[in-house]
> 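I'd like to ask you about the structure that follows.
Chain letters run A, B, ... following the sequence lines, proteins first and then strands; every chain starts at 1. Keep in mind it's a predicted model, so treat the numbers as computed, not measured.
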Amino acid sequence: DGGITQSPKYLFRKEGQNVTLSCEQNLNHDAMYWYRQDPGQGLRLIYYSQIVNDFQKGDIAEGYSVSREKKESFPLTVTSAQKNPTAFYLCASSIAPFFYQQYFGPGTRLTVT
Amino acid sequence: EDQVTQSPEALRLQEGESSSLNCSYTVSGLRGLFWYRQDPGKGPEFLFTLYSAGEEKEKERLKATLTKKESFLHITAPKPEDSATYLCAVQARNAGNMLTFGGGTRLMVKP
């Protein structure tokens with residue numbers, strides 16, 4: 001089955017530690033995205049990538065970093081510089097960068113204490 | 001700045017009681033408006049894309065409509081399994097492939 005996988009589903013970290021969230025897709029999509037969702041709020045874009053080895057900042061990129069070394073993979077690192085990292089993180093992909101619907105993965109819930 | 005406002009924030013319906021969810025938007029040139037369904041603890045699931053005013057799309061008990069300022073998601077004779085959060089997002093012509101999401105409407109359908 002084609003789709004987007006995110007791992008792990010739940011992640012716990014101590015404050016001050018960097019943590020990397022995994023996102024893999026086998027849909028052969030060019031574009032990939034990372035969103036953050038806080039309780040009762042809409043999704044906010046962190047980073048997106050239109051093609052391998054290229055990515056752009058979204059609305060809330062501070063304290064996060066990404067890489068896109070392979071078409072299938074777009075990992076997100078939440079650094080210790082992110083002041084409020086506890087949230088639900090969603091990865092998405094679309095067949096091409098523009099004018100196409102985005103398909104979402106199941107999400108990773110990160111809790112930092 | 002592109003803005004999307006969804007109302008109400010929460011909606012409780014009895015099974016079979018039809019209603020509508022609203023998505024008001026302000027965007028400098030709409031490329032597309034998207035509706036998603038999100039179950040608790042899961043990623044959003046795509047429902048519809050609307051491109052121009054007057055357009056309508058249907059799927060089972062759901063019907064989405066679009067005007068120049070807002071979109072409605074009409075739910076006809078809802079069932080408990082329709083309970084979820086419904087998200088609206090817009091893509092502006094000058095925003096590349098970025099979506100702006102509303103805060104969502106949490107729908108609860110009681111049997």
> Give a yes or no on whether a salt bridge exists between A:Asp30 and A:Lys71, defined as a side-chain N under 4.0 angstrom from a carboxylate O.
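Yes, this pair counts.
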> Does any backbone or side-chain atom of B:Gln38 lie under 4.5 Å from a heavy atom of chain A? Answer side chain, backbone, both or neither.
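Interface part for B:Gln38: side chain.
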> Check B:Arg106 with B:Glu9, please: is the shortest side-chain N to carboxylate O separation under 4.0 Å?
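No, this pair does not count.
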> Between A:Leu43 and chain B, which part of the residue has a heavy atom less than 4.5 Å away: side chain, backbone, both or neither?
both
> Centre of A:Phe88's six-membered ring, under 6.0 Å away, within 45 degrees of the axis: is that where NZ or CZ of A:Arg109 sits?
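Judged by the rule (NZ or CZ under 6.0 Å from the ring centre, within 45° of its axis), A:Arg109 counts as positioned above A:Phe88.
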> NZ of A:Lys9: more than 12 outside heavy atoms within 6.0 angstrom?
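For A:Lys9, atom NZ is crowded (more than 12 foreign heavy atoms under 6.0 Å).
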> For chain A, which candidate among B:Gly103, B:Gly43, B:Gly104, B:Pro44 shows the most heavy-atom pairs at distances under 4.5 Å?
B:Pro44
